[in-house]
Amino acid sequence: FPLQLSRRVGQKKQRLSDAETSQILPDAARMPYPKEPCSGPHACLGPPTTTGPQRSIYFLNHPARLGSEFFDQPGAHLARAFLGQVLVRRLTDNTELRSRIVETEAYLGPEDDAAHSRGGRQTARNRGMFMKPGTLYVYTIYGMYFCLNVSSRGDGACVLLRALEPLEGLETMRRLRSTLSKGASGRAFKDHELCSGPSKLCQALAIDKSFDQRDLATDGAMWMERGPPGPEPVVVAATRVGIGCKGEWAQKLLRFYVLGNPFVSMVDRAAEQM
DNA sequence: GAACCGATTAACT
DNA sequence: GTTAATCGGTTCG
């Protein structure tokens, strides 16, 4: 069994190859980029279509998929607007994982010293940041993790998803986390450990580089739905995580999270006093 | 090519 | 609170 082999004592550590992962997992996010939003073998089970003027009364009680117009907001606005919305991931076996977005960070583009697009840098890696709002930007970090971003309005601007509150498919998320986590001591992850970090949520939702540059408004394997109506969550604005603490841009309050939500990755008590 | 390093995690004290 | 793990992407010579 490839996973066990890779853990043999003294053996050079080896990440699961795509082929190996696909043997273990029901879905390793290896679907090719769909040419059409809902083409392929499961077209008849496609995700809800974008809201539009033709929407009938039938859909008023059903989840509405967020479309390109929603993502077309300045980064900091979009980062706040994401809070409370529902991220849906459909695996290749049609299992749907649902989670509420509870923590985000905005990266504002070339002038933002903490952004990958700082100084106007545009490379093969960060191309997604420069594509139309709603385009995903997935990058590898520390050689072993992924981070998921959504392009916003503004050249080279995007929003990093940092934490989710799992709603549906928790046992699948738990299995994905255990299988993909390097520590993998066999212990079961608690609910609040499933998606409480930018790379944890990528493991829990089986998101990898194959999602880079996909369109969240039309993709068949992942989309966003308007969260259920309810009281407005209290939003905390704090400094961003992992970008150092020196410099003008490190001080800006571009991280947003739902006050009191136990699924947030890091609380900032000082920011909460404000 | 080589050197450097990171929008993190998990295990440890 | 500290630190090892781990390697693709970027930069530099």
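Below, chain A is the first sequence line, B the second, and so on; all start at residue 1.
- Nucleotide C:dC7 holds its P atom 8 Å from the CE atom of A:Met144, rounded to whole Å.
- The side chain of A:Lys252 places no N or O atom within less than 4.0 Å of a non-bridging phosphate oxygen (OP1 or OP2) of B:dA7.
- A:Arg214 forms a cation-pi arrangement with A:Phe211, by the criterion of a distance under 6.0 Å to the ring centre and an angle within 45° of the ring axis.
- Between A:Phe189 atom CZ and B:dT9 atom C1' the separation is 9 Å, expressed in whole Å.
- Taking a centre distance below 5.5 Å and an interplanar angle below 30 degrees as the stacking criterion, A:Tyr145 does not stack against the six-membered base ring of B:dT8.
- At the heavy-atom level, A:Arg240 lies nowhere under 4.0 Å from the strands shown.
- Within 4.0 Å (heavy atoms only), A:Arg177 reaches sugar-phosphate atoms of the nucleic acid but no base atom.
- Residue A:Thr140 is out of contact with every strand shown, counting any heavy-atom pair closer than 4.0 Å.
- Listed nucleotides C:dT10, B:dA10, B:dA7 differ in distance to A:Arg125; the shortest reach to its side chain belongs to C:dT10.
- Residue A:Ser199 places its side chain closer to B:dT9 than to any other of C:dT11, B:dT9, C:dG9.
- Of all nucleotides listed (B:dG6, B:dA7, B:dA10), B:dA10 comes nearest to the side chain of A:Lys200.
- Within the shown strands, nothing qualifies as a pairing partner of B:dA7 under the Watson-Crick or G-U definition with both distances less than 3.5 Å.
- Ion pairing between a basic and an acidic side chain is recognised when a charged N comes within 4.0 Å of a carboxylate O; A:Lys190 and A:Glu193 show no such pairing.
- The side chain of A:Thr123 lies closest to C:dT10, out of B:dG6, B:dA7, C:dT10.
- If you look at A:Tyr139 and A:His116, their ring centroids are closer than 6.0 Å.
- Here the side chain of A:Ile243 is nearest to one of C:dT10, B:dA10, B:dA7, namely B:dA7.
- More than 12 heavy atoms of other residues, nucleotides or ligands sit less than 6.0 Å from atom CE of A:Met131.
- Relative to the side chain of A:Arg187, the nucleotides C:dA5, B:dA11, B:dA7 differ in distance, and B:dA11 lies closest.
- The separation between A:Arg162 atom CZ and B:dT9 atom P is 7 Å, rounded to whole Å.
- Across all strands shown, A:Met266 has no heavy atoms under 4.0 Å from either base or sugar-phosphate atoms.
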Discussion item. One pair to check against side chain to side chain donor-acceptor pair (under 3.5 Å): A:Arg162 and A:Thr104. What are the steps and the verdict?
Written reply: CA-CA 5 Å; A:Arg162 282 198 57 92; A:Thr104 59; over 6 Å; no

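- Here the P atom of nucleotide B:dA7 and the CD1 atom of A:Ile207 are 19 Å apart, to the nearest Å.
- With hydrogens and angles ignored, a donor-acceptor pair closer than 3.5 Å exists between the side chain of A:Tyr139 and the base of B:dA7.
- Contact annotation for A:Leu160: base contact, defined as any heavy-atom pair under 4.0 Å involving a base atom.
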